[in-house]
Novice: 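Got a structure for you, questions after.
Since this is a predicted model, take the numbers as computed values, not measurements. Atom set for the values below is all heavy atoms of this structure, side chains included, hydrogens, waters and symmetry mates excluded.
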Amino acid sequence: MWPRHLLILAAPALLAMTAAGPLAAARPDLVLLVTVDQLRGDMLWKFRHRFGPAGFRYLTDKGTVYTSAYYQHLVTTTAAGHATLVTGGNTPQHGIASNEWFDSVKGVPVYNTGDPRHPVIGDSAAGGEGRSPANLTSSTFGDELVGASNGKSRVFSVSIKDRGAIIPAGRRGQAWWYSKTSGTFVTSTWYVAEYPPWVQSWNAEAHADRDRNQTWELLHDPASYRFRTRDDRAYEVSAGMLGNTFPHSLAREQGEAFYSTLRYTPMGDELTLSFLKALVQAEKPGQSRHTDVLAVSFSVTDYIGHAFGPNSLEAEDNLLRLDRTLEELFRFIDGEVGLE
């Protein structure tokens, strides 16, 4: 039986898992949208025997799984892909052509969530351009929930990437994303005029700095890995000073370079979950009479895929670690809202 009051939508690149059947008609207290950036659909089955029962397998064992689901557009970059997931449309409907495109009318390049009218609060990571969902030309399912409830439903979205947070939040939600220059989570004036106390407190605790001397090592015995012989290939591009082979040490990174390189390790998704926990405890989504939306986009899979390749030892170990992160997420939501 699918949980009655929590609808979980997990949306990897080529695989969507949603609730179905009679219970899907019951109004949930919370819709949890989990997106894994650059997760190929076949990976869930290749590594199924390596996953625990409460992470990826919680979804595949208890949910409805679409094994032949495809985008109807070619450019499945982060921005365009997320826009399709939350609007149900393609570029002609939602307006997001790619991560960047050229505006032939104005004669200027466009960043998908760039907006100079809404600067990022207290952070220079956006290069002074600002961020907002202004380029999104279609409403999201979260926007429609807010409208249908006369503003009583709420939408919150978190990701390491600005676009991974902003687009799922739609025009009526709140988006929070990681700053690669300060290691904090930030937002723009589109959403708030100043950071609420709970965000100020979380940022002041310098959670990212706790990983400064950490080393990313293999989670299991090297002999147990499918891609154990693919730890150093000619086309791999080291992120910062991580190097191309295990173990990958963050201790060599100094200053802002550390915050940027952190995105290329599993610690990045763990940091995202840490911020999401603080959000849930402060804002309490799913604990009112109206359906709320909580979206989280885990981006490390994408960063690692670009640097080391999707069939690398790094990508495999990250996926096994992400499985544990998902288990922690579901356990946390169960405690705060209730999976039932």
Novice: Using a 6.0 Å distance limit plus a 45 degree cone around the ring axis, check whether Arg57 lies over the aromatic ring of Phe51.
Specialist: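 No - Arg57 does not lie over the ring of Phe51 by the 6.0 Å and 45° rule.
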
Novice: If you look at every heavy atom in Ser238 and Asn244, which pair is closest and at what distance?
Specialist: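 Of all heavy-atom pairs spanning Ser238 and Asn244, the closest is CB-OD1, 3.2 Å.
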
Novice: Taking 4.0 angstrom as the limit, do Asp61 and Arg48 come out as a salt bridge?
Specialist: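 Yes, this pair counts.
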
Novice: Would the distance check show the side chain of Ser188 and the main-chain N or O of Arg131 forming a donor-acceptor pair, the cut-off being under 3.5 Å?
Specialist: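 Checking the backbone N and O of Arg131 against the side chain of Ser188, a donor-acceptor pair under 3.5 Å is found.
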
Novice: With distance as the sole test, does Asp29 use its side chain to make a donor-acceptor pair with the main-chain N or O of His290 at under 3.5 Å?
Specialist: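 No, the answer is negative, given that no donor and acceptor are paired below the 3.5 Å cut-off.
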
Novice: Taking Trp101's backbone N and O only, do any of them form a donor-acceptor pair with Ser98's side chain (distance below 3.5 Å, no angle check)?
Specialist: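 The answer is no, because no donor-acceptor pair under 3.5 Å joins these two groups.
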
Novice: For Asn90 and Tyr71, run side-chain hydrogen bond (donor to acceptor under 3.5 Å, both in side chains): C-alpha distance rounded to whole Å, both residues' side-chain angles, the deciding distance at 0.1 Å, then the answer.
Specialist: CA-CA 8 Å; Asn90 296 295; Tyr71 286 103; over 6 Å; no

Novice: Residues in ring pair (Phe, Tyr, Trp, His ring centres under 6.0 Å) with His94, at least two apart?
Specialist: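 None.
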
Novice: Quick check: does any side chain N or O of Thr265 sit under 3.5 Å from a backbone N or O of Leu262, one acting as donor and the other as acceptor?
Specialist: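 Checking the backbone N and O of Leu262 against the side chain of Thr265, a donor-acceptor pair under 3.5 Å is found.
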
Novice: Donor-acceptor pair, Ser153 side chain versus Thr291 backbone, under 3.5 Å?
Specialist: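 Confirmed, Ser153 side chain pairs with Thr291 backbone.
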
Novice: Given the rule that I, L, V, M, F, W and Y join up when any side-chain heavy atoms are under 4.5 Å apart, are Val110 and Val75 in one cluster?
Specialist: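 As far as the 4.5 Å side-chain criterion goes, Val75 and Val110 are not connected within one cluster.
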
Novice: Please step through side chain to side chain contact (heavy atoms under 4.5 Å, CB included) for the pair Leu294 and Val280, ending with a clear verdict.
Specialist: CA-CA 9 Å; Leu294 178 63; Val280 169; 3.6 Å; yes

Novice: Tell me yes or no: between the side chains of Glu253 and Thr261, is some donor less than 3.5 Å from an acceptor?
Specialist: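 Yes, because at least one side-chain N or O of Glu253 sits under 3.5 Å from a partner of the opposite role on Thr261.
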
Novice: State whether a side-chain donor-acceptor pair under 3.5 Å links Thr301 with Asp37.
Specialist: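 Absent: no donor and acceptor within the cut-off.
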
Novice: Any donor and acceptor pair, going by atom type alone, linking the side chain of Ser312 with main-chain N or O of Gly309 inside 3.5 Å?
Specialist: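 Pair found, side chain donor or acceptor close to backbone of Gly309.
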
Novice: Check for a donor-acceptor pair, side chain of Asn135 on one end and backbone N or O of Asn112 on the other, with a separation under 3.5 Å.
Specialist: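 Side chain of Asn135 to backbone of Asn112: a pair is present.
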
Novice: As an exercise, state the distance from OG1 of Thr215 to CE of Met267, rounded to the nearest 0.5 Å.
Specialist: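 Here the interatomic distance stands at 7.0 Å.
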
Novice: Taking Leu339's backbone N and O only, do any of them form a donor-acceptor pair with Asp334's side chain (distance below 3.5 Å, no angle check)?
Specialist: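 Present.
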
Novice: Rounded at 0.5 Å granularity, tell me how far CD1 in Ile96 sits from OG1 in Thr84.
Specialist: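 Rounded to the nearest 0.5 Å, the CD1-OG1 separation comes to 9.5 Å.
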
Novice: Show the nearest heavy-atom pair for residues Gly164 and Ser159, with the distance to one decimal.
Specialist: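 In this case the closest contact between Gly164 and Ser159 is C-CB, 3.5 Å.
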
Novice: My understanding is that only one of Arg50, Arg230, Arg321 makes a side-chain hydrogen bond (donor to acceptor under 3.5 Å, both in side chains) with Glu316; could you say which?
Specialist: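 Of the listed options, the one satisfying the test is Arg50.
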
Novice: Under the criterion side-chain hydrogen bond (donor to acceptor under 3.5 Å, both in side chains), which of Arg163, His82, Lys161 is the partner of Ser297?
Specialist: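 Per the side-chain hydrogen bond (donor to acceptor under 3.5 Å, both in side chains) rule, the option paired with Ser297 is His82, out of Arg163, His82, Lys161.
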
Novice: Is Val146 reachable from Phe141 through a run of I, L, V, M, F, W or Y residues, each pair having side-chain heavy atoms under 4.5 Å apart?
Specialist: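 Yes: a chain of side-chain contacts under 4.5 Å links Phe141 to Val146.
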
Novice: Just by distance, with hydrogens left out, do Asp269 and Tyr303 show a side-chain donor and acceptor under 3.5 Å apart?
Specialist: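 No, no side-chain donor-acceptor contact under 3.5 Å.
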
Novice: Determine the minimum heavy-atom distance between Pro285 and Val337, stating which atoms define it.
Specialist: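 Smallest heavy-atom distance, with atoms named: O-CG2, 3.6 Å.
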
Novice: Where does the angle between the aromatic ring planes of Phe227 and Phe47 fall among parallel (under 30°), tilted (30 to 60°) and perpendicular (over 60°)?
Specialist: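 Aromatic pair Phe227/Phe47 classed perpendicular.
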
Novice: What I want to find out is whether Glu327 reaches Arg324 closely enough, with some N-O distance under 4.0 Å, to be called a salt bridge.
Specialist: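 No, Glu327 and Arg324 are not salt-bridged.
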
Novice: Taking atom types as modelled, find out whether Glu256 and Thr181 have a side-chain donor-acceptor pair closer than 3.5 angstrom.
Specialist: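 Thr181 and Glu256 do not have a side-chain donor-acceptor pair below 3.5 Å.
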
Novice: Would you say Glu314 and His248 are linked by a side-chain donor-acceptor pair, where the criterion is simply a distance under 3.5 Å?
Specialist: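 A donor-acceptor contact under 3.5 Å links the two side chains.
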
Novice: Are Asp231 and Phe246 close enough, and set up right, to give a side chain to side chain contact (heavy atoms under 4.5 Å, CB included), and what steps lead you there?
Specialist: CA-CA 7 Å; Asp231 193 22; Phe246 280 97; 3.4 Å; yes

Novice: Would the distance check show the side chain of Asp323 and the main-chain N or O of Gly52 forming a donor-acceptor pair, the cut-off being under 3.5 Å?
Specialist: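 Confirmed, Asp323 side chain pairs with Gly52 backbone.
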
Novice: With sequence neighbours left out, write down each residue that passes ring pair (Phe, Tyr, Trp, His ring centres under 6.0 Å) with Tyr195, or none if nothing qualifies.
Specialist: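 Trp176.
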
Novice: Please give me the minimum heavy-atom distance between Ala165 and Ser157, naming the atom from each residue.
Specialist: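 So the minimum-distance heavy-atom pair works out to O-OG, 2.8 Å.
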
Novice: Please report the shortest heavy-atom distance between Arg117 and Ala134, naming the atom on each side.
Specialist: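 Heavy atoms only, the tightest pair is NH2-CB, 3.6 Å.
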
Novice: Could you pull out the closest heavy-atom pair between Ala315 and Pro310, with the gap in Å?
Specialist: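 Smallest heavy-atom distance, with atoms named: CB-O, 3.4 Å.
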
Novice: Let me confirm one number: the CG-OH distance from Asp211 to Tyr259, rounded to the nearest 0.5 Å.
Specialist: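 Output value for this atom pair is 11.0 Å.
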
Novice: Please work out whether the ring planes of Trp216 and Phe308 are parallel, tilted or perpendicular, with thresholds of 30° and 60°.
Specialist: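 Ring orientation of Trp216 relative to Phe308: perpendicular.
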
Novice: Are Asp143 and Arg172 within salt-bridge range, i.e. N to O under 4.0 Å?
Specialist: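 No.
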
Novice: Please examine the side chains of Phe298 and Thr35, heavy atoms only from C-beta on, and report whether any two atoms are closer than 4.5 Å.
Specialist: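 With C-beta onward as the side chain, the pair stays apart.
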
Novice: When the aromatic ring centroids of Trp198 and Phe275 are compared, is their separation below 6.0 Å?
Specialist: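 Yes, the ring of Trp198 comes within the 6.0 Å limit of the ring of Phe275, centre to centre.
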
Novice: For Asn150, look at atom CG and say whether over 12 heavy atoms of other residues, nucleotides or ligands are found less than 6.0 Å away.
Specialist: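 No, not enclosed.
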
Novice: Kindly work out whether a path of hydrophobic side-chain contacts (I/L/V/M/F/W/Y, heavy atoms less than 4.5 Å apart) joins Ile121 to Leu279.
Specialist: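 Yes, because Ile121 and Leu279 connect within a single hydrophobic cluster, where side-chain heavy atoms sit under 4.5 Å apart.
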
Novice: Is the shortest side-chain heavy-atom distance between Thr140 and Leu136 below 4.5 Å?
Specialist: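 SC-SC contact between Thr140 and Leu136 confirmed.
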
Novice: Whether Lys277 engages the ring of Phe332 as a cation-pi pair (distance to the six-membered ring centre under 6.0 angstrom, angle to the ring normal within 45°) should be assessed.
Specialist: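 Checked: cation-pi criterion met.
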
Novice: Could you tell me whether the side chain of Arg212 and the main chain of Asp209 form a donor-acceptor pair under 3.5 Å?
Specialist: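 Judged by distance alone, no pair lies under 3.5 Å.
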
Novice: Does the pair Arg331 and Tyr58 meet the rule for a side-chain hydrogen bond (donor to acceptor under 3.5 Å, both in side chains), with working shown?
Specialist: CA-CA 11 Å; Arg331 183 169 58 247; Tyr58 175 81; over 6 Å; no

Novice: Measure centre to centre between the rings of Phe185 and Trp177, then say whether the value is under 6.0 Å.
Specialist: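 Between Phe185 and Trp177, the centre distance exceeds or equals 6.0 Å.
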
Novice: Quick one: salt bridge (charged side-chain N to carboxylate O under 4.0 Å, His left out) partners of Arg171, sequence neighbours excluded?
Specialist: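 Residues passing salt bridge (charged side-chain N to carboxylate O under 4.0 Å, His left out) with Arg171: none at all.
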
